[in-house]
Amino acid sequence: HSFLTAIKQDYSRSKAIPLESISFLPRVLAERRAATSSVLVSSGDEATIGFIPGHESTNGVLVHGLYLEGCRWDCHTHQGRLTTAQAKSPISRLPPLQVIPVSDEKEFSRKIYYYYNAPVYHTADRSESNVITHFKLPTGKPPDVFTLANAVILLTSPTHSNST
């Protein structure tokens with residue numbers, strides 16, 4: 001959480017804009033692109049965050065090793081999007097994300113009709129104190145579908161967090 005706040009602060013200073021006006025634009029990277037552009041190594045059951053090699057911090061950070069619960073990422077569409085979970089697979093891996101600080105909501109205006117503001121939890125415990133941030137992800141379905149499915153992003157594998 002403090003790492004993402006530091007990214008916002010850095011961006012705020014570089015653009016001379018208020019910290020409160022900054023949000024994150026998450027871009028899900030194709031597995032092929034992420035594998036070749038990243039030097040980060042997955043730490044097994046937990047997400048890793050680091051700078052994107054060859055980019056300044058104002059261009060974002062690469063987040064790898066996140067889990068989706070109650071939904072999944074459909075990489076078979078043109079730009080990829082969030083979709084409903086498969087019946088026997090409520091948990092899936094989210095491909096690596098490039099998380100970019102932005103000060104303008106127009107950054108989100110891609111040719112997709114819906115977005116789901118997915119809560120990001122440190123563990124599978126759904127307490128309010130466990131929420132780190134929210135990532136606005138594109139979807140082809142109304143956000144209520146994902147709210148009703150209790151869809152979330154987790155930093156830690158649900159099986160790993162249950163054993164600690």
Side-chain angles (χ1 to χ4, degrees), residues 1-9 19-20 22-35 37-52 57 60-77 79-102 105 108 110 112-164:
H1 185 255
S2 56
F3 184 77
L4 294 175
T5 302
I7 297 299
K8 281 184 176 183
Q9 288 173 336
L19 185 65
E20 301 79 33
I22 299 170
S23 58
F24 286 116
L25 171 65
R27 290 198 175 133
V28 179
L29 303 176
E31 290 287 351
R32 293 184 308 272
R33 180 175 165 209
S37 67
S38 171
V39 295
L40 296 176
V41 178
S42 175
S43 62
D45 290 328
E46 295 189 28
T48 53
I49 297 178
F51 290 101
I52 299 169
S57 63
V61 294
L62 183 67
V63 181
H64 175 71
L66 299 175
Y67 293 87
L68 292 170
E69 185 173 20
C71 58
R72 65 185 170 88
W73 189 257
D74 181 3
C75 55
H76 299 292
T77 60
Q79 294 180 335
R81 64 180 165 200
L82 203 61
T83 190
T84 53
Q86 295 175 333
K88 295 188 179 189
S89 302
I91 299 166
S92 62
R93 283 271 195 174
L94 179 62
L97 288 174
Q98 179 182 8
V99 180
I100 305 165
V102 295
E105 284 290 321
F108 290 106
R110 292 179 14 203
I112 295 177
Y113 296 107
Y114 300 109
Y115 286 91
Y116 175 61
N117 203 23
V120 180
Y121 287 90
H122 188 273
T123 65
D125 174 27
R126 303 290 178 89
S127 67
E128 190 63 34
S129 63
N130 202 20
V131 176
I132 295 171
T133 190
H134 289 78
F135 286 152
K136 200 171 190 179
L137 297 175
T139 177
K141 299 179 184 210
D144 292 349
V145 170
F146 300 98
T147 302
L148 292 172
N150 209 11
V152 298
I153 299 172
L154 302 171
L155 292 185
T156 307
S157 163
T159 55
H160 177 74
S161 63
N162 289 339
S163 64
T164 57

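Note that these values count all heavy atoms, side chains included, but never hydrogens, waters or copies made by symmetry. Index from 1, following the sequence.
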Legend entry - side chain to side chain contact (heavy atoms under 4.5 Å, CB included) partners for Asn150, two or more places apart: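 Result, side chain to side chain contact (heavy atoms under 4.5 Å, CB included) vs Asn150: Arg126.
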Inset, instruction - Mind checking side chain to side chain contact (heavy atoms under 4.5 Å, CB included) for Ser129 and listing every partner two or more places apart, or none if nothing turns up? - result: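 Only Ser127 meet the side chain to side chain contact (heavy atoms under 4.5 Å, CB included) criterion with Ser129.
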Inset, instruction - Begin from the C-alpha positions of Leu29 and Leu62 and carry the test side chain to side chain contact (heavy atoms under 4.5 Å, CB included) through to its verdict. - result: CA-CA 9 Å; Leu29 303 176; Leu62 183 67; 3.4 Å; yes
In the structure I gave you, are the side-chain heavy atoms of [X] and [Y] within less than 4.5 Å of one another anywhere?
X      : Y      : result
Phe3   : Val61  : yes
Tyr116 : Lys136 : no
Leu66  : Leu155 : yes
Leu137 : Ile153 : yes
Asp74  : Leu82  : no
Val145 : Thr139 : no

Inter-residue atom distance [X].[atom1] - [Y].[atom2], 0.5 Å rounding:
X      : Y      : atom1 : atom2 : result
His64  : Arg93  : NE2   : CZ    : 6.0 Å
Tyr121 : Glu128 : OH    : CD    : 6.5 Å
Ile100 : Ile22  : CD1   : CD1   : 13.5 Å
Arg72  : Thr84  : CZ    : OG1   : 6.0 Å
Glu69  : Ser157 : CD    : OG    : 10.0 Å
Leu154 : Asn130 : CG    : CG    : 8.5 Å

Quick one: closest heavy-atom pair of [X] and [Y], and the distance?
X      : Y      : answer
Pro143 : Tyr114 : CD-CD2, 3.9 Å
His134 : Val131 : CE1-CG1, 3.9 Å
Ala85  : Pro90  : CB-CA, 4.1 Å
Val152 : Cys71  : O-SG, 4.5 Å
Gly70  : Ala149 : O-CB, 3.6 Å

Legend entry - Parallel, tilted or perpendicular, as decided by the 30° and 60° cut-offs, for the rings of Phe135 and Phe24: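 Plane angle over 60°, so perpendicular.
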Inset, instruction - Examine distances only and state if a side-chain atom of Thr156 and a backbone atom of His122 form a donor-acceptor pair shorter than 3.5 Å. - result: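 At least one qualifying donor-acceptor pair exists.
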